[in-house]
Amino acid sequence: PVDFETVDRAGPSNTNVYVGNLTPETTDADVRRAFMPFGTIKSIKLHPRGGYGFINFSSHESALRAIVAMHGNDLNGQLVRCSWGKMAAETTLQPSAAPPPAPAPHLGSKS
C-alpha cells in the first residue's frame, strides 16, 4: 500500500495521473467510473495497445487521492499501477512578438 506522504512528491501544479496495467478492453467510461469519486476529471487519454492511460484531474489533491486509493486495486480484472504522470508543457495563447519566418530562398528554375 502507498500513503500520502510517499506519493505526494510531485509539484503542486501536477494533476496528471498515470494508470498502468489496463486491459485492452478498458474504456474511458470504466476509468471515469473508477476514478471520479476522487475529484473532477478534466480528461482521460487511454492507450489500449500499451495497457496504460492518463487521467487529468482538476486539482493536485484529487490526483493524489486517486493515486493513493487506486494503486494496486482491481479495474476490469487487473491490478492497476498508479503514479504521477508528466504534465504537458504549458502553452501560451498570446501571440508571439517575433516576426513570421522568412520564406525559403528561391533556388532558381530547372532548365
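What you are looking at is a predicted structure, and each value in this text was computed from that prediction instead of being measured.
Among all heavy-atom pairs drawn from R81 and H71, the shortest one is CA-ND1, 3.6 Å. Between C82 and M70 the shortest heavy-atom distance is SG-CB, 3.8 Å. For L64 against W84, the heavy-atom pair with the smallest separation is N-CH2, 3.8 Å. Residue S62 comes nearest to G39 through the heavy atom pair OG-CA, 3.5 Å, listed as atom of the first residue, atom of the second, then distance. Shortest non-hydrogen contact noted between F38 and A69 is CE2-CB, 3.3 Å.
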Under 3.5 Å, which donor-acceptor pairs link side chains of residues 23-37 to any protein atom two or more places apart or in another chain?
unit_1: T23; atom_1: OG1; unit_2: T26; atom_2: N; d: 3.3
unit_1: T23; atom_1: OG1; unit_2: T26; atom_2: OG1; d: 2.8
unit_1: T26; atom_1: OG1; unit_2: T23; atom_2: N; d: 3.4
unit_1: T26; atom_1: OG1; unit_2: T23; atom_2: O; d: 3.2
unit_1: T26; atom_1: OG1; unit_2: N76; atom_2: ND2; d: 3.2
unit_1: T27; atom_1: OG1; unit_2: A29; atom_2: N; d: 3.4
unit_1: T27; atom_1: OG1; unit_2: D30; atom_2: N; d: 3.1
unit_1: T27; atom_1: OG1; unit_2: D30; atom_2: OD2; d: 3.1
unit_1: D30; atom_1: OD1; unit_2: R33; atom_2: NH2; d: 2.8
unit_1: D30; atom_1: OD2; unit_2: T27; atom_2: N; d: 2.9
unit_1: D30; atom_1: OD2; unit_2: N76; atom_2: ND2; d: 3.0

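Atom CG of N16 and atom NZ of K86 lie 11.5 Å apart (nearest 0.5 Å).
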Test side-chain contact (heavy atoms from CB on, under 4.5 Å) applied to F57 and V17, step by step: CA-CA 8 Å; F57 283 89; V17 175; 3.8 Å; yes
Worked verdict on L46 versus L22 for side-chain contact (heavy atoms from CB on, under 4.5 Å): CA-CA 9 Å; L46 298 181; L22 297 174; 3.9 Å; yes
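Identified under the side-chain hydrogen bond (donor to acceptor under 3.5 Å, both in side chains) test for residues 38-57, with sequence neighbours left out: T15-N56.
By the rule that hydrophobic residues join a cluster once side-chain heavy atoms approach within less than 4.5 Å of another member, V68 and V80 end up as members of one cluster.
Side-chain contact between I55 and V19 is present, with heavy atoms from C-beta onward closer than 4.5 Å.
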